[in-house]
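Down below is the structure, laid out as structure tokens.
Please read these numbers as outputs of a predicted model, since none were measured by experiment. Naming convention: chains lettered A, B, ... in sequence-line order (proteins, then strands); numbering from 1 in each chain.
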2 protein chains.
Amino acid sequence: MDICQEKCINREKVEKTIKTIPNPEETIQMADIFKALSDPSRLKIVLALLNQEHCVCDIAVICKQTNSAISHQLRILRTLKIVKNRREGKTVYYSLEDDHVISLITMSLDHVRH
Amino acid sequence: MDICQEKCINREKVEKTIKTIPNPEETIQMADIFKALSDPSRLKIVLALLNQEHCVCDIAVICKQTNSAISHQLRILRTLKIVKNRREGKTVYYSLEDDHVISLITMSLDHVRH
DNA sequence: TTAACATATGAACAAATGCTCATATGAAGA
DNA sequence: TCTTCATATGAGCATTTGTTCATATGTTAA
């Protein structure tokens, strides 16, 4: 197969780094959070909720998408515990569940803007 | 089309939020960074580079993937300016380009571990 | 109970994504 | 120069993902 593995690897460095890598479950959970923010339309929803809660209909207007598309995306964000909701009559208001998300957003915006 | 847009939106809240949303280019750039970290195998590569540089071959061993798969993913990370590389003879060493990425990783790990 | 309406969800489809396999590139030593 | 080896890359593919359309759910008011 990979002859390289017999010859060129630096075992010490490899062993040392392997110890520092989070376990698979944690890695997948981290990836899931990044995945939630990796789609521009889904990220825009999160950005829309950064300062105040909104109903599905308002989010659809802000994001220029159909209520259905927004609702599907909100379900994903809800499953990942990134947003929470509360019902008020016929209307459902969504807001961010977690301050960590706000930090992630702020940091990546810094990065983009240098 | 969407009758809802004629009736239920809260124009004031919507207008206020629209002003706070980053422009489309920035939003896409932010999403791109998150997308780079959203795939578990690509995230693992970044995690492997968190503390020290490694050659492609070592990364492949650490991540238990073929050199080819790693090389393809490194190209994506290079394009997004998340990793950089230096050549030393036949070997190419990769390391993280940017401290912002380290902060993002650290923060999401915090989030996962509470 | 019935109508109206905000939201949720399942199915289907087009587009994007990650991997594999084969092959190319570029550097070092014989 | 020729061979070896680390890395890079293109094509093809199976899988995943985001959207649309149709329909369901749940709440309010008549």
Side-chain angles (χ1 to χ4, degrees), chain A residues 1-10 13-14 27-28 31-32 34-46 53-80 83-95, chain B residues 1-10 13-14 27-28 31-32 34-46 53-80 83-95:
Chain A
M1 250 215 59
D2 215 356
I3 300 160
C4 169
Q5 294 191 8
E6 306 287 331
K7 298 196 174 183
C8 80
I9 65 168
N10 183 327
K13 286 179 69 180
V14 167
T27 306
I28 289 172
D32 280 344
F34 289 127
K35 187 173 284 172
L37 304 172
S38 73
D39 177 65
S41 46
R42 203 158 47 225
L43 176 59
K44 200 169 177 186
I45 294 174
V46 175
E53 65 172 15
H54 284 290
C55 64
V56 176
C57 181
D58 280 5
I59 299 171
V61 173
I62 293 165
C63 297
K64 293 174 187 140
Q65 289 218 292
T66 63
N67 289 4
S68 178
I70 296 294
S71 192
H72 276 292
Q73 297 291 28
L74 282 171
R75 194 157 85 104
I76 294 172
L77 294 171
R78 224 186 316 133
T79 305
L80 289 167
V83 301
K84 62 187 175 193
N85 58 12
R86 68 180 182 86
R87 183 176 271 277
E88 199 175 300
K90 279 182 284 191
T91 310
V92 177
Y93 289 96
Y94 279 84
S95 58
Chain B
M1 252 212 55
D2 214 355
I3 300 163
C4 170
Q5 294 190 9
E6 305 286 330
K7 297 196 173 183
C8 80
I9 64 167
N10 182 328
K13 285 180 69 180
V14 167
T27 306
I28 289 171
D32 280 343
F34 290 128
K35 187 174 285 172
L37 305 172
S38 72
D39 177 65
S41 45
R42 204 157 47 225
L43 175 60
K44 201 171 177 185
I45 293 174
V46 176
E53 66 173 13
H54 284 289
C55 64
V56 177
C57 181
D58 281 5
I59 299 172
V61 173
I62 294 165
C63 297
K64 293 174 189 144
Q65 289 220 291
T66 65
N67 289 5
S68 177
I70 296 295
S71 192
H72 276 293
Q73 296 292 26
L74 283 170
R75 193 157 86 102
I76 294 172
L77 293 171
R78 223 187 317 135
T79 306
L80 288 167
V83 303
K84 63 188 174 195
N85 58 11
R86 69 182 182 85
R87 181 176 274 276
E88 200 176 300
K90 280 182 284 190
T91 311
V92 178
Y93 289 95
Y94 279 83
S95 56

>> How long is the straight-line distance from CD1 of Ile70(A) back to NE2 of His54(A), given to the nearest 0.5 Å?
In response: 11.5 Å
> Could you give the CD1-to-P distance, from Ile28(B) to dG18(D), as a whole number of Å?
Replying inline: 15 Å
> Taking atom CD1 of Ile59(B) and atom CG of Asn67(B), what is their separation to the nearest 0.5 Å?
Replying inline: 9.5 Å
>> Using whole Å, what does the distance between atom P of nucleotide dC21(D) and atom CD1 of Ile70(A) come to?
In response: 15 Å
> Is a side-chain N or O of Arg87(B) found less than 3.5 angstrom from the main chain of Gly89(B), in a donor-acceptor match?
Replying inline: yes
>> Without decimals, in angstroms, what is the distance between Leu77(B) CG and dG18(C) P?
In response: 10 Å
>> Rounded to whole Å, please give me the gap between CD1 in Ile76(A) and P in dT7(C).
In response: 18 Å
> Is a donor on one side and an acceptor on the other found under 3.5 Å between the side chain of Asp58(B) and the backbone of Val14(A)?
Replying inline: no
> So does Gln73(A) get a side-chain nitrogen or oxygen closer than 4.0 Å to the phosphate oxygens (OP1/OP2) of dT19(D)?
Replying inline: yes
> Nearest-Å distance, CG (Asn67(B)) to C1' (dC19(C))?
Replying inline: 14 Å
> Could you give the distance from OG1 (Thr66(B)) to NE2 (His72(B)), rounded to the nearest 0.5 Å?
Replying inline: 8.0 Å
> Which residue lies toward the 5' end of DNA chain D, Glu88(A) or Ser38(A), if each is placed at its nearest nucleotide?
Replying inline: Ser38(A)
> Does OP1 or OP2 of dG18(C) have a side-chain N or O of Gln65(B) closer than 4.0 Å?
Replying inline: no
> OP1 or OP2 of dA27(C) sitting under 4.0 Å from any side-chain N/O of Thr91(B)?
Replying inline: no
>> Using whole Å, what does the distance between atom C1' of nucleotide dT15(D) and atom CG of Asp39(B) come to?
In response: 12 Å
List, one per line, each side-chain donor-acceptor pair under 3.5 Å for residues 37-46 of chain A, sequence neighbours excluded.
from     : atom 1 : to       : atom 2 : distance (Å)
Ser38(A) : OG     : Lys35(A) : O      : 2.7
Asp39(A) : OD2    : Ser41(A) : N      : 3.3
Asp39(A) : OD2    : Ser41(A) : OG     : 2.5
Asp39(A) : OD2    : Arg42(A) : N      : 3.2
Arg42(A) : NE     : Ala36(A) : O      : 2.9
Arg42(A) : NH1    : Gln73(A) : OE1    : 3.1
Arg42(A) : NH2    : Lys35(A) : O      : 3.0

> Got a sec, which residues hit side chain to side chain contact (heavy atoms under 4.5 Å, CB included) with Arg78(A), two or more places apart in sequence or on another chain?
Replying inline: Arg75(A), Val83(A), Asn85(A), Tyr94(A)
> Within this structure, what is the CG-to-P distance between Asn10(B) and dA6(C), rounded to whole angstrom?
Replying inline: 14 Å
> Atom CZ of Arg86(A) and atom C1' of dT27(D): how far apart are they, to the nearest Å?
Replying inline: 15 Å
> Using a cut-off of less than 4.0 Å, is there contact between a side-chain N or O of Arg75(A) and OP1 or OP2 of dG10(C)?
Replying inline: yes
>> If you assign each of Tyr93(B) and Ser41(A) to its closest nucleotide in DNA chain D, which residue comes earlier from the 5' end?
In response: Tyr93(B)
> How would nucleotides 21-26 of chain C be written as a contact map, 5' to 3', with B for base contact, S for sugar-phosphate-only contact and - for no contact, using protein heavy atoms under 4.0 Å?
Replying inline: BB----
